[in-house]
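Since the structure comes first, as C-alpha cells, the remarks are kept for the end.
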Amino acid sequence: MSQTVDRALSILPLLAQGPADLGQVADRLGVHKSTALRLLRTLHEHGLVYRQQDQRYRLGARLFALAQEAVENLDVREIAHPHLAALNDRTGHTVHLAVHEDGEVLYIDKVESRYPVRMYSRIGKPVAITVAAVAKLLLADLPEPERRALAAKLDYPRYTPRSTPDAAAFLQELATVREQGWATDLGGHEESINCVAAPIRGADGRVVAAMSVSAPNVVVTAEELLALLPLVRRTAEAISHDYSGTTPPKETEESPA
C-alpha cells in the first residue's frame, strides 16, 4: 500500500512540469502502463489530475483548490507562538511578531520580557514604520516600485537623533535589509531600546511576517543584543519551515556583519 501511495504521489510533481501522456508517466515511475493507468484513474476520481482531450494528463483543479484552502487557513501567529515563547524563555527579552496589512505594520503577538522594565507595545498596535526593525523587513520585501511609492508618501518623524531622516535614507536602508536578510533598530524609535529582527517566509520565499527581540540598554548593550542575531535568525527559519511545510536544512552558525 505504501508503495502504491508513493507512486501516486510521484505523479503530481511530474505533471507540475506540464501535461504528460500515459507512456511518459509509466516511464517516469518505472512501471507498466496498466499500473500507471490505475494510479491516474484514482487521482482523476479525486480531482487531483485531469485527462485532456489529447489524452494527456495535467494537474486537476481540486489540487489547486486544496492548496489555496490550506494557505488561507494558515495562521502564522499560531504557528510562530511556541517558537517565540521558547526564544523568550532562552533570552528573557521581549519578542514580537508583526505583519504588513493595509499599509501598516502591526504587532500580532508579543511575549513579555522577564525583567521589570517593560516595553510600551501592544498587539494590534501599528509600529513606527520608518524605524522599526520588523517594518524594515516587511517593506524591504516589496517590489521596488512599491517601495519607492511608499517611501515617497511617508512622514519621517525624528523620534531620536538615530531615526531615519528621509525617503532616500529609508530606501537605502531597505535595500541593505533586503540584501542581508535581517534588520535592526538601534535607538531609532526610543533611544534606550534596541531591537534585532528576522523575516518569516512562506513557501514562495516571500516575507509573510517578521519577528524581533528587543531589550533596553540598561539590561543589555546593543552589541550584546546583536550577538543574539544568529539565534533570532534560526528561530525565524524554524517558523518559516513550519509555516511553509518544508524540511529545514542543516543548521549553520551565522554572525551579523
Side-chain angles (χ1 to χ4, degrees), residues 75-100 105-129 131-141 159-160 162-163 173 176-177 180-201 207-244 246 248-257:
D75 183 343
V76 68
R77 181 181 182 276
E78 180 180 352
I79 292 168
H81 186 79
H83 296 277
L84 305 182
L87 182 61
N88 168 266
D89 187 59
R90 183 166 176 178
T91 66
H93 304 317
T94 301
V95 182
H96 286 108
L97 180 69
V99 296
H100 183 211
V105 174
L106 307 169
Y107 290 127
I108 60 171
D109 202 3
K110 177 184 181 181
V111 185
E112 289 279 10
S113 66
R114 294 201 300 265
Y115 36 80
V117 182
R118 297 297 175 92
M119 289 186 59
Y120 181 71
S121 58
R122 296 196 307 270
I123 294 175
K125 178 181 173 65
V127 310
I129 199 167
V131 292
V134 288
K136 295 171 189 175
L137 283 164
L138 289 160
L139 301 181
D141 194 58
Y159 302 106
T160 78
R162 294 184 177 182
S163 299
E173 187 155 15
T176 299
V177 167
Q180 69 189 14
W182 50 273
T184 63
D185 170 15
L186 304 179
H189 187 215
E190 299 178 58
E191 285 191 87
S192 61
I193 301 291
N194 297 309
C195 175
V196 295
I200 295 165
R201 300 181 185 275
V207 176
V208 297
M211 57 155 294
S212 65
V213 171
S214 303
N217 53 27
V218 296
V219 176
V220 293
T221 66
E223 290 73 19
E224 290 170 330
L225 192 66
L226 281 168
L228 295 175
L229 183 58
L231 176 60
V232 174
R233 296 185 74 181
R234 286 197 299 271
T235 301
E237 287 166 4
I239 298 170
S240 298
H241 291 305
D242 282 356
Y243 182 80
S244 62
T246 57
K250 291 182 179 180
E251 291 185 354
T252 56
E253 191 73 21
E254 298 181 69
S255 299

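Owing to the predicted nature of the structure, the values given are computational and were not obtained by experimental measurement. Index from 1, following the sequence.
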Taking only residues two or more places apart in sequence or in another chain, which ones pass side-chain hydrogen bond (donor to acceptor under 3.5 Å, both in side chains) with His83?
Asp242
Of the non-hydrogen atoms in Leu106 and Gly124, which two are nearest, and what is the gap between them?
CD2-O, 3.9 Å
Starting at CD1 of Ile108, measure out to CD1 of Ile123 and round the result to the nearest 0.5 Å.
9.0 Å
To the closest 0.5 Å, what do you measure between CZ (Arg162) and CD (Glu191)?
7.5 Å
Qualifying residue for side chain to side chain contact (heavy atoms under 4.5 Å, CB included) with Leu87, from Ile239, Val111, Val213
Val213
About how many Å separate OG1 of Thr235 and CZ of Arg90, when rounded to the nearest 0.5 Å?
8.0 Å
What are the two closest non-hydrogen atoms of Ser240 and Ile200, and how far apart are they?
OG-CA, 3.3 Å
Considering residues at least two apart in sequence or located in another chain, which fulfil the side-chain contact (heavy atoms from CB on, under 4.5 Å) criterion with Ala197?
Ala133, Val134, Leu137, Ser212
Which residues pass the side-chain contact (heavy atoms from CB on, under 4.5 Å) test with Ala198, not counting sequence neighbours?
Val232, Arg233, Ala236
Between Val177 and Ala140, which heavy-atom pair has the shortest distance, and what is it?
CG1-CB, 4.0 Å
With Asp141 via side-chain hydrogen bond (donor to acceptor under 3.5 Å, both in side chains) - residues at least two apart
Arg206
For His93 versus Tyr115, what's the shortest heavy-atom pair and its separation?
ND1-OH, 3.1 Å
Arg77: salt bridge (charged side-chain N to carboxylate O under 4.0 Å, His left out) partners, not counting sequence neighbours:
Asp109
Donor-acceptor under 3.5 Å (Glu190 side chain, Ser192 main chain):
no
Would you check if the side chain of Thr160 reaches a backbone N or O of Gly187 as a donor-acceptor pair within less than 3.5 Å?
yes
Partner residues of Asn194 under the side-chain contact (heavy atoms from CB on, under 4.5 Å) criterion, sequence neighbours left out:
Leu186, Asn217, Ala222, Leu225
What pair of heavy atoms forms the shortest contact from Pro82 to Glu78, and how long is it?
CD-O, 3.4 Å
Can you name the nearest heavy-atom pair linking Tyr159 to Gly188, along with the distance?
CB-O, 3.6 Å
Less than 4.5 Å apart, side chain to side chain, heavy atoms only: is that true for Asp89 and Arg114?
yes
For Glu173, all residues meeting salt bridge (charged side-chain N to carboxylate O under 4.0 Å, His left out), sequence neighbours excluded
Lys136
Quick one: list whatever passes side-chain contact (heavy atoms from CB on, under 4.5 Å) with Ile129, sequence neighbours left out.
Val105, Ala135, Leu139, Leu154
ring-ring contact (aromatic ring centres under 6.0 Å, His included) with His81: which residues, sequence neighbours excluded?
none
Kindly assign one of parallel, tilted or perpendicular to the pair Tyr107 and His96, based on the angle between their ring planes and the thresholds 30° and 60°.
parallel
